[in-house]
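Below: the structure, in structure tokens.
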Amino acid sequence: MPRVGNSNGRGTKRPKLDWKFVQRLCSIQKVLYPSWASQSALMFGTLLVVTLTEQLIIYQVGVLPSYFYRVLGDKDYSGFRNLVGTAMVLILVNSTLKSLDQYICNQMYLNWRKTLTESLHTAYFQGRVYYTLNVLREDVDNPDQRISQDAERLCKQMSTMASRLIVSPFTLAYYTYHCFYSTGWIGPVSIFGYFVIGTITNKMLMGPIVSTLFEQEKLEGDFRFKHMQIRVNAESAAFYRAGKVEHMRTDRRLQALLQTQKSLINKELWLYIGVNTFDYLGGFLSYIIIAIPIFTGLYDGLTPGELSALISKNAFVCIYLINGFTQLIDLSTTLSDVAGYTHRIGELREVMEDILHKQCDYDPASGESYDFDSDFNVHAGPADTAFILDNLSYKSPYSDQLLVEDLSLKISQGSHLLVVGNTGTGKTSLLRVLNRLWEAHSGFVQMTTCFGPRGTLFLPQKPYLTDGTLREQVIYPLKDIYPASGSVDDDRIIQFLELAGVSSLLKRTGGLDEKVEWNWYDVLSPGEMQRLCFARLFYLQPKYAVLDEATSALTEEAEAQLYRTCKAAGHDFDQSGTP
Ligand SMILES: Nc1ncnc2c1ncn2[C@@H]1O[C@H](COP(=O)(O)OP(=O)(O)OP(=O)(O)O)[C@@H](O)[C@H]1O
């Protein structure tokens, strides 16, 4: 069950707009832009060309009114006609470029989301990372939310920043040059100073927002998880008539979320005040810049007319330069969101990487780790042996007490082993250690066969049914129909469903390959689920089967029948159960 409710993790630093953010953002960018010729890089290049052209056209459109004044003032009819034609073309090109800009940003967002989510999936499903992350690690909340929602929001926010950020170095350089040309050093230096003060102020105001956004996303995940818990367990809750208590608990999660959202909105108020103040201050700054030489007497020799012309010329370039900077400052709110999501995804990536490298059966050279049907890390041993345990001791995570001490055992072909013991004594844990979900505390454990049809299959205590057709349930976890699709395989599956006592499912689903809308957990009884898992076992025909109370919902008679079938099929099985 995914862990929820833990705060930012034990001893984890509060996420901020700091160097760590830059590192995490860069590592995410490396994923988004794997090479210069990647699709994202090409889109980025196209966006750059489009936005630069757009800037040129915007400038041309901006000066149109002054031409209109001139031709109208001169009553120049042919000039006016030409100008109307030019204006129409420019406006058409401008609006096409603007739409293209938006279109490329949306395409980039889609491409980023695909690349980032697929890369997160690759790490998540590598080896048993998804198990360790959800069950054993407490330092990352809601991994599902980070992969599905946070990644999406990060890409969305970055795409809204992209077109504004991409041209700013060019426009800033261009207008800095013009500003310097018309005002001397005083213009650019004052404007750069104003931008530095604006950035420092906004960085201070953004700091608390980043950590609150991080917290808000965690609570959002907790809230969704609560609803998912009720959705999955609706029947059990209804049997308890637990509507009131679930209502109270769900509302409590909602309250916690809204409280954090409220605090986020309050903190954002200060950032908005900062951003808007700098926006309006920027409008006046050009006059302050021109006022300095006027009041220091530098322009004393100019007539009032010449002075007005100079002011108007200087104001134009200064305003453009200031506008370039204020546009960057306006991005502060988006940047604080980007920082929050970057920390959540960056942290997830780091933890997944850490888990993967700590897995004892991870091979850094090939990147291969344990998975179904992979021979990796299977130590060659005697051909007739499945497991060798020597002085094995193990304990549960976060506990110092050993569950089992110095267990020596060899599980070989032809022998059937039943593990019994009181509840919580570590029977399932033995299977976890055999399956390498948990590390052994000391001693030696070796699996000498592979997973899957040619080796060992584990049937867990809680039957796992995937989404999909009846065939996909039976052949799980094989991806493709094994050994080959067609009537031979169909006959086998039908025969195994009959042997497991669930052939009635064929009628309910309407066939092996009929898509079903229902959730398998809601429509099958626990006994039927266990029988379906046995059909899976018969189909996969492993040499060894490790069953964890796999018949707990069946009658003794049905249990005996299933075991007889297993024996006839030639499985050696290891079963754990409470006496
Ligand atoms: N993910 C986990 N984190 C921490 N402790 C765990 C975890 N899973 C199991 N444990 C603890 O490890 C101990 C052994 O659990 P295990 O599941 O092996 O019991 P069992 O003998 O199979 O019991 P049962 O007969 O009820 O299935 C229990 O005290 C359990 O609470």
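Nothing here was measured: the structure is a model prediction, and the numbers come from that model. All values below come from the heavy atoms of this structure, side chains included, with hydrogens, waters and symmetry mates left out. Residue numbers start at 1 and run along the sequence shown. Both ligands and their constituent atoms are indexed starting at 1 by order of listing.
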With [atom] as the reference point, say which of [options] has the nearest heavy atom.
atom: atom 23 (O) of ligand 1; options: Ser429, Ser396, Gly424, Pro397; answer: Gly424
atom: atom 10 (N) of ligand 1; options: Tyr131, Tyr398, Trp438; answer: Trp438
atom: atom 9 (C) of ligand 1; options: Arg432, Glu549, Glu138; answer: Arg432

* Atoms of ligand 1 less than 4.0 Å from Val135 heavy atoms? ->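 Within the 4.0 Å cut-off of Val135, ligand 1 contributes 1 (N).
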#### Entry: Atoms in ligand 1 flagged as close to Gln461, the criterion being non-hydrogen separation under 4.0 Å
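Within the 4.0 Å cut-off of Gln461, ligand 1 contributes 27 (O).
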Any side-chain to backbone donor/acceptor pair from Ser415 onto Ile411? Under 3.5 Å, distance only.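 Such a contact is absent between Ser415 side chain and Ile411 backbone.
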### Query
In terms of side-chain geometry, is the basic nitrogen of Asp150 or Arg344 positioned less than 4.0 Å from the acidic oxygen of its partner?
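Yes, Asp150 and Arg344 are salt-bridged.
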Q | Heavy atoms of other groups near Lys226 NZ, more than 12 under 6.0 Å | A |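 Buried by this count: over 12 neighbours within 6.0 Å.
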Any side-chain donor near an acceptor of the partner, Tyr124 and Asn134, under 3.5 Å: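 Side chains of Tyr124 and Asn134: pair found under 3.5 Å.
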Notebook entry, point to check: Looking only at side chains, do Arg432 and Ser429 share a donor and an acceptor under 3.5 Å apart?
Noted result: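 Their side chains do contain a donor-acceptor pair, which is all the 3.5 Å distance test asks for.
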- Has Gly426 got any heavy atom lying under 4.0 angstrom from an atom of ligand 1?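 Yes, that is the case, since the closest heavy atom of the residue is under 4.0 Å from the ligand.
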